[in-house]
Chemist: 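Below is one structure. I have some questions about it.
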Amino acid sequence: MEERVGIWWHRIVTRWAATEHRDAAVELTTMSDELGLLFRALGGAHGLRIDAAAARRHGARRGWADRLAGTRLRVAQAACDEESLRLPPTLAIYPERALNRALYRWLAALAAVAPAASAGGHWAQRNLLGSRWLIERYAGLAQDYRRLAAAEVARRPLPEALPPDEARFEAALRSAIADPAQEIAWPPLRRAPQPVPLWLGPDVLLRGAAAAPPPEAEGATAAPTLQDDRQRRQAESAQAPERGGGLLIFRPESIFSWTEYARVRHEVQDNDDEDLARAADDLDLISVGNDGRAVAKALRMNLDRAAGADDPGVAAPQAVPVPEWDYRSRRLLEGHCAVVIRAPANADAIELPTHLRADQRRLQHRLSALAPQRQTLRRQPQGDEIDLDACIRGRVEPGAAMEDCYRTVRRRRRDLACLLLADLSLSTEASLADGRRVIDVIRDSLHLFGVSLAVTGDRSAIYGFSSRRRMDVQLSELKRFDQPYDGAARGRVERIAPAHYTRMGAAVRRATALLAAEPCEQRLLLLLTDGKPNDVDHYEGRYGIEDTHHALHAARRAGLHPFCITVDSHGQDYLPRIFGPGGYAVVRRPAELPERLAGLYAQLTRSLH
């Protein structure tokens, strides 16, 4: 009974203390495309993605209702750094849905024009400068701001209810919100003020880093169930603690308690998938380490953590140096990476897997239209047969040449070379709904791509890639341009396995050099991937995106036609920046990848001719 009363009390007090308007809530996912366009149209960096900001403690004073309910004051505040634009995952601050939607638009616009933290000055003053700029130049945004400012001033705490120093600061805040054009002298403050939803939050001087998938553990039998989380969270790197025996610092006989042990059956049940993200929400700082153990479930999320040391490593003797683009210094770092090309070891020649033979016949029939066609050339000075029409025309028409009375039949070949570059990083170990893994779908796609292109006569090569820091980028040589797709090539494809990370820019630059060396009129570079550029060092977020964008720009200058096919459902967040609006395709159902790959190849090669 006491427990039931406590639950009722907690629900009543928590609901009473809540200040959100859930019936007017707006989700970030419903506006992310619109906000991305607005942010970039106002001058925001194209390489930044839009993430959901994680709730953090803001340190402001709690009201007596919050203290009674035991509420921890955490709020998701908008922020923008060199990696991403972070916006609250849900806005339910104001009682009108239109106001909450207008707040999302205002925050995206403010993030595009507000001075960066490197400009110095008080964080509130930088918000005011951006607000003035928008209000002076855009009447529509100015109208939205006036409505938002009135609603925000009405909901803020009254200065007279606060201690003197907080009252002075709150009065200055109210004045600044109501009229951003005026100059504000910010009084000193001992603790953080109440958050201002109309502004970007105080600066977080950390670097974005994507949490890597769990490494392969010894004895692991299956890939973990991977859950995506779209929020950015604060994290630190830490060593996993030793789990050996401990030392008791008290005498066991001093424990004055006694229990009786009884063996009972206890049902063990896994948590629901959403509990992983819910548990992360309860942590202000996530410690990231590696204990080498297998897990049944994993949560993939974006983290803010201090930058670690970039271990330069040592390149293998046969490695080829390639450059890397550093967008921060805007320069190309020559020889910054090293790429090694190796063929999979111990790959025996095999036949095409049985489950792919029906697909093989269907795709070969579909691509047979791309095969070299017979072409008859008439009115030739020499050839295989006499052209009767040309002979008659030569006698009848004045001025017609009698010597051009032959015709010949030739096979018209397409002068095209294609290099398929497949992502073999550890993320392809992820399981799909049908029980297969992403790597299994990629393997089937490579098999069918290789056998289907045999009917087109096009020159083709197949490589896979993965990386482990900048000096160890691996290209798996599955089929060279001068090799047929035979049993040996099928054996090499069958041996591919997920490993390490995705340093996409270095792999693209090496593939560009291999493809550019082919003496063909048209060159197609196909990239098959399941995620964005990523590596264990600083190569993630905007850095990896900008480097890959630069590598593909260089490929186009070399006369190549790059195109990306991805099974990443979030590919729309970063692929437009890397490949351009029409340079990629997202396959929503990975199981359809083999057939979509062949169809896209046919479509692309027709457009090249």
Side-chain angles (χ1 to χ4, degrees), residues 316 318-320 339-353 355-356 359-360 363-364 367 416-429 437-468 472-504 506-518 523-530 560 562-567 590 593-594 597-598 600-601:
Q318 67 273 32
V320 176
V339 181
V340 179
I341 299 180
R342 293 192 181 98
N346 304 321
D348 299 326
I350 63 169
E351 296 295 327
L352 186 71
H355 69 280
L356 296 177
D359 294 330
Q360 171 203 1
L363 294 180
Q364 283 186 332
L367 294 180
L416 184 142
C418 174
L419 189 148
L420 177 60
L421 187 62
D423 179 2
L424 304 182
S425 62
L426 195 60
S427 60
T428 60
E429 183 77 12
R437 302 170 301 167
V438 174
I439 189 65
D440 299 328
V441 176
I442 290 178
R443 185 183 293 111
D444 289 350
S445 301
L446 299 184
H447 276 312
L448 292 174
F449 184 80
V451 298
S452 300
L453 255 65
V455 303
T456 67
D458 297 337
R459 294 177 61 81
S460 64
I462 303 176
Y463 290 83
F465 76 98
S466 62
S467 65
R468 184 169 52 185
D472 188 13
V473 182
Q474 303 281 338
L475 252 63
S476 296
E477 186 180 78
L478 308 176
K479 177 191 176 301
R480 297 196 308 266
F481 282 108
D482 59 352
Q483 293 176 328
Y485 194 79
D486 53 10
R490 288 191 290 269
R492 290 189 289 271
V493 169
E494 196 66 23
R495 294 283 298 176
I496 64 174
H500 311 313
Y501 301 92
T502 315
R503 206 175 201 98
M504 199 175 291
V508 166
R509 288 184 176 91
R510 188 69 188 109
T512 296
L514 295 172
L515 183 54
E518 287 300 302
R523 302 178 184 90
L524 177 63
L525 175 61
L526 279 180
L527 188 62
L528 186 60
T529 181
D530 75 324
L560 276 60
F563 190 86
C564 175
I565 304 170
T566 182
V567 295
L593 179 61
L597 177 60
L600 286 167
Y601 178 80

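Keep in mind the model is a prediction, meaning the values are calculated, not measured.
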Chemist: Quick one: are V567 and L593 in side-chain contact, heavy atoms under 4.5 Å?
Modeler: yes
Chemist: Looking only at heavy atoms, which two atoms of A319 and V340 are closest? And how far apart?
Modeler: CB-CG2, 3.6 Å
Chemist: Which distance, rounded to the nearest 0.5 Å, do you find between the CG of L448 and the CG of L597?
Modeler: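 Going from the CG atom of L448 to the CG atom of L597 covers 8.5 Å.
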Chemist: Just by modelled atom types, is the R480 backbone N or O under 3.5 Å from a matching donor or acceptor in the Q483 side chain?
Modeler: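 Present.
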Chemist: Please determine whether side chain to side chain contact (heavy atoms under 4.5 Å, CB included) holds for the pair Q474 and S466, giving the CA-CA distance in whole Å, both sets of side-chain angles, and the decisive distance to 0.1 Å.
Modeler: CA-CA 5 Å; Q474 303 281 338; S466 62; 4.1 Å; yes
Chemist: Is any side-chain heavy atom of F563 closer than 4.5 Å to one of C418?
Modeler: no
Chemist: Find the distance between CD1 (I496) and CD1 (I442) and round it off to the nearest 0.5 Å.
Modeler: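 Reported value, rounded in 0.5 Å steps: 7.0 Å.
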Chemist: Is the shortest side-chain heavy-atom distance between R503 and R468 below 4.5 Å?
Modeler: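 They are not in contact (no side-chain heavy atoms under 4.5 Å apart), so the answer is no.
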Chemist: Got F465 and D423 here, is their nearest side-chain heavy-atom distance under 4.5 Å?
Modeler: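 Yes, side chains in contact.
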Chemist: Distance from E477 atom CD to L514 atom CG, nearest 0.5 Å?
Modeler: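 Output value for this atom pair is 8.5 Å.
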Chemist: Do the side chain of D440 and the main chain of R443 share a donor and acceptor less than 3.5 angstrom apart?
Modeler: no
Chemist: Provide the closest heavy-atom pair for L421 versus A511 in the form atom of the first, atom of the second, distance.
Modeler: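 Result for this residue pair: CD2-CB, 4.1 Å.
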Chemist: Would you compute the distance between atom CD1 of I350 and atom CZ of R492 and round it to the nearest 0.5 angstrom?
Modeler: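 The CZ atom of R492 is 11.0 Å from CD1 of I350, to the nearest 0.5 Å.
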Chemist: After noting the C-alpha distance and the side-chain angles of L526 and L419, does the key distance pass the side chain to side chain contact (heavy atoms under 4.5 Å, CB included) rule?
Modeler: CA-CA 6 Å; L526 279 180; L419 189 148; over 6 Å; no
Chemist: Which pair of non-hydrogen atoms, one from A349 and one from A488, has the smallest distance, and what is that distance?
Modeler: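 Where A349 meets A488 most closely, the heavy atoms are CB-N, 3.8 Å.
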Chemist: Do Y485 and V493 come close enough that some side-chain heavy atom pair is under 4.5 Å?
Modeler: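 Side-chain contact under 4.5 Å: yes.
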Chemist: Is the backbone N or O of I439 less than 3.5 Å from a side-chain atom of T428, with the two atoms forming a donor-acceptor pair by type?
Modeler: no
Chemist: Please give me the minimum heavy-atom distance between V473 and A507, naming the atom from each residue.
Modeler: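 Minimum heavy-atom contact is CG1-N, 4.4 Å.
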Chemist: Evaluate the criterion side chain to side chain contact (heavy atoms under 4.5 Å, CB included) for residue pair I462 and F449; output intermediate values, then yes/no.
Modeler: CA-CA 9 Å; I462 303 176; F449 184 80; 4.2 Å; yes
Chemist: Which atoms form the tightest heavy-atom contact between R490 and L352, and what is the distance?
Modeler: NE-N, 3.5 Å
Chemist: Check the side chains of E494 and H447 for a donor-acceptor pair under 3.5 angstrom, ignoring hydrogens and angles.
Modeler: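 Distance-only check passes for H447 and E494.
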Chemist: Is the backbone of E518 close enough, under 3.5 Å, to the side chain of R523 for a donor and an acceptor to pair up by distance?
Modeler: yes
Chemist: Do the side chains of V438 and S427 get nearer than 4.5 Å, heavy atoms only?
Modeler: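 No, side chains not in contact.
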Chemist: Output, in order, the C-alpha distance, side-chain angles, deciding distance and verdict of side chain to side chain contact (heavy atoms under 4.5 Å, CB included) for M504 and L527.
Modeler: CA-CA 10 Å; M504 199 175 291; L527 188 62; 3.5 Å; yes
Chemist: Quick one: are R495 and D348 in side-chain contact, heavy atoms under 4.5 Å?
Modeler: no
Chemist: How many angstroms lie between atom NZ of K479 and atom CG of D486, to the nearest 0.5 angstrom?
Modeler: 9.0 Å
Chemist: Any chance you could measure L515, atom CG, to R459, atom CZ, to the nearest 0.5 Å?
Modeler: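 Answer for the CG-CZ pair, L515 versus R459, is 10.5 Å.
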Chemist: Between T529 and C564, is there a side-chain heavy-atom distance shorter than 4.5 Å?
Modeler: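 Heavy-atom side-chain distance check passes, below 4.5 Å.
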